[in-house]
Number of protein chains: 2
Amino acid sequence: MFLSRFTNALDAKGRVSVPADFRTAIALGGLENNDEFDGIVVWPSLEGKWLEGGGMALVRSKLDLLKNLEPHDHARIAFERAYFGESFRLGFDASGRVSLPKELAEFAGLDKQVTFVGMGERFEIWDADAYLAKAKQVRKLAKDTRQALYAKIKVGAGQGLDI
Amino acid sequence: MFLSRFTNALDAKGRVSVPADFRTAIALGGLENNDEFDGIVVWPSLEGKWLEGGGMALVRSKLDLLKNLEPHDHARIAFERAYFGESFRLGFDASGRVSLPKELAEFAGLDKQVTFVGMGERFEIWDADAYLAKAKQVRKLAKDTRQALYAKIKVGAGQGLDI
DNA sequence: ATCTATACTATGGGATTATATGGGATGCAA
DNA sequence: TTGCATCCCATATAATCCCATAGTATAGAT
């Protein structure tokens with residue numbers, strides 16, 4: 001599981017260290033299926049100017065869910081293009097770095113300091129300054145909407161989720 | 001699995017490099033069955049003016065699904081003609097290129113720059129400019145229909161049939 | 001508690017390899 | 001021959017590997 005927040009440097013070659021914590025999370029998640037691939041998958045968020053990422057296990061689970069829909073379903077095809085088509089497979093080098101494609105770096109406005117935010121089963125990648133600004137709003141928003149969130153969970157068959 | 005988007009050049013001889021990422025995806029997918037054939041299968045999309053493609057494993061799975069239908073089923077026969085009949089087997093050359101039949105290139109309006117779009121278990125081939133225009137709509141469409149998509153997935157307990 | 005040895009992490013830069021792509025040569029069929 | 005497809009070789013660029021280092025945390029011994 002991806003927890004915590006880590007800020008690392010993006011170097012001149014476009015490389016950035018993936019937090020060691022996240023690397024072990026990925027290694028553990030990929031144990032069930034013997035994923036040939038050692039690295040992360042990253043895509044531009046549909047919500048705003050930051051990146052999202054996870055291990056191959058997460059991508060595979062999305063693929064499996066989509067198989068339940070009609071192949072020509074417009075929503076399905078749009079999602080496949082927007083998600084699979086825009087996802088990048090980023091392999092680790094010997095010291096646990098990935099090199100971010102220019103395209104992704106530009107999308108999220110990444111240049112110097114990059115923040116990895118653990119989100120449970122996935123993570124987000126932000127420009128460090130941008131996340132600092134966002135974090136303030138997030139704290140207040142989470143506090144204000146917590147009650148509504150809990151209500152939703154109780155309605156849908158939640159079994160002892162503790163938020 | 002086919003991920004990402006790659007844009008390569010179509011040369012004067014009608015050749016285009018298949019992204020290395022896709023080539024390894026095909027090599028991995030074909031490991032179970034020892035596919036004699038080293039290349040991709042490409043066919044015109046039924047949805048619009050672009051091509052779709054995948055490895056032999058994908059074609060084989062479609063064939064297997066169709067075997068569940070009556071041999072004289074009209075829908076089956078129509079599908080077999082439109083899909084198997086229009087599919088081209090394109091072999092790799094030593095540096096991982098295929099040569100696109102004129103017929104396919106004309107169908108999809110391919111001339112200079114060609115974009116391969118990963119769609120999970122298959123991929124699409126677009127004229128680069130055409131896809132650029134499409135991608136903008138796609139992002140919005142995916143965002144707008146995402147909630148409906150999740151709802152559909154929750155309702156349908158389908159078992160991943162994909163034709 | 002303090003010091004020391006060890007392991008790991010993040011990061012920089014050079015060396016090496018892979019990839020995409022152009023052009024020529026070869027083989028085959030109409 | 002003429003066209004067409006395949007194979008072979010050459011190369012610039014981009015991606016990847018490899019080694020070095022500095023800082024940080026961990027463990028053990030005194």
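Just so we're on the same page: letters track the sequence lines, and every chain starts at 1.
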To the nearest Å, give me how far apart CG (A:Leu10) and C1' (C:dT11) are. 12 Å
By salt bridge (charged side-chain N to carboxylate O under 4.0 Å, His left out), which residues pair with B:Asp73, not counting sequence neighbours? none
Table please: side-chain donor-acceptor pairs of residues 19-27 of chain A below 3.5 Å, with sequence neighbours left out.
from: A:Arg23; atom 1: NH1; to: A:Val18; atom 2: O; distance (Å): 2.6
from: A:Thr24; atom 1: OG1; to: A:Asp21; atom 2: O; distance (Å): 2.8

Set of side-chain contact (heavy atoms from CB on, under 4.5 Å) partners for B:Ile77, sequence neighbours left out: B:Glu80, B:Arg81
Quick one: are B:Val114 and B:Leu10 in side-chain contact, heavy atoms under 4.5 Å? yes
Would you mind classifying the nucleic acid contact of B:Val98 as base, sugar-phosphate or nothing, using non-hydrogen atoms under 4.0 angstrom? nothing
Length of the line joining B:Arg23:CZ and C:dA18:P, which is rounded to integer Å: 12 Å
Distance check needed: C:dT21 P versus B:Phe6 CZ, whole Å only. 12 Å
With a 4.0 Å cut-off on heavy atoms, is B:Val18 in touch with a base, just the backbone sugar-phosphate, or nothing at all? sugar-phosphate
Ordered by number, residues from residues 106-119 of chain A within less than 4.0 Å of DNA chain C (heavy atoms) are none
With salt bridge (Lys or Arg N to Asp or Glu O under 4.0 Å) as the rule and sequence neighbours excluded, what pairs involving residues 102-115 of chain A come up? A:Glu103-B:Arg5
May I have the distance from A:Leu100 (atom CG) to C:dT11 (atom P), rounded to whole angstrom? 13 Å
Whole angstrom value for the distance that separates P of C:dG12 from CG of A:Asp11: 6 Å
Ring pair (Phe, Tyr, Trp, His ring centres under 6.0 Å) partners of residues 86-118 of chain B, not counting sequence neighbours, each pair once: none
Set of side-chain contact (heavy atoms from CB on, under 4.5 Å) partners for A:Ser4, sequence neighbours left out: A:Phe6
Which side-chain hydrogen bond (donor to acceptor under 3.5 Å, both in side chains) pairs, counting each pair once, include a residue from residues 129-142 of chain B, with sequence neighbours left out? B:Lys140-B:Asp144
How does protein contact run along nucleotides 6-20 of chain D, one letter per nucleotide 5' to 3', with B for base contact, S for sugar-phosphate only, - for none, heavy atoms under 4.0 Å? BBB-------BBB--
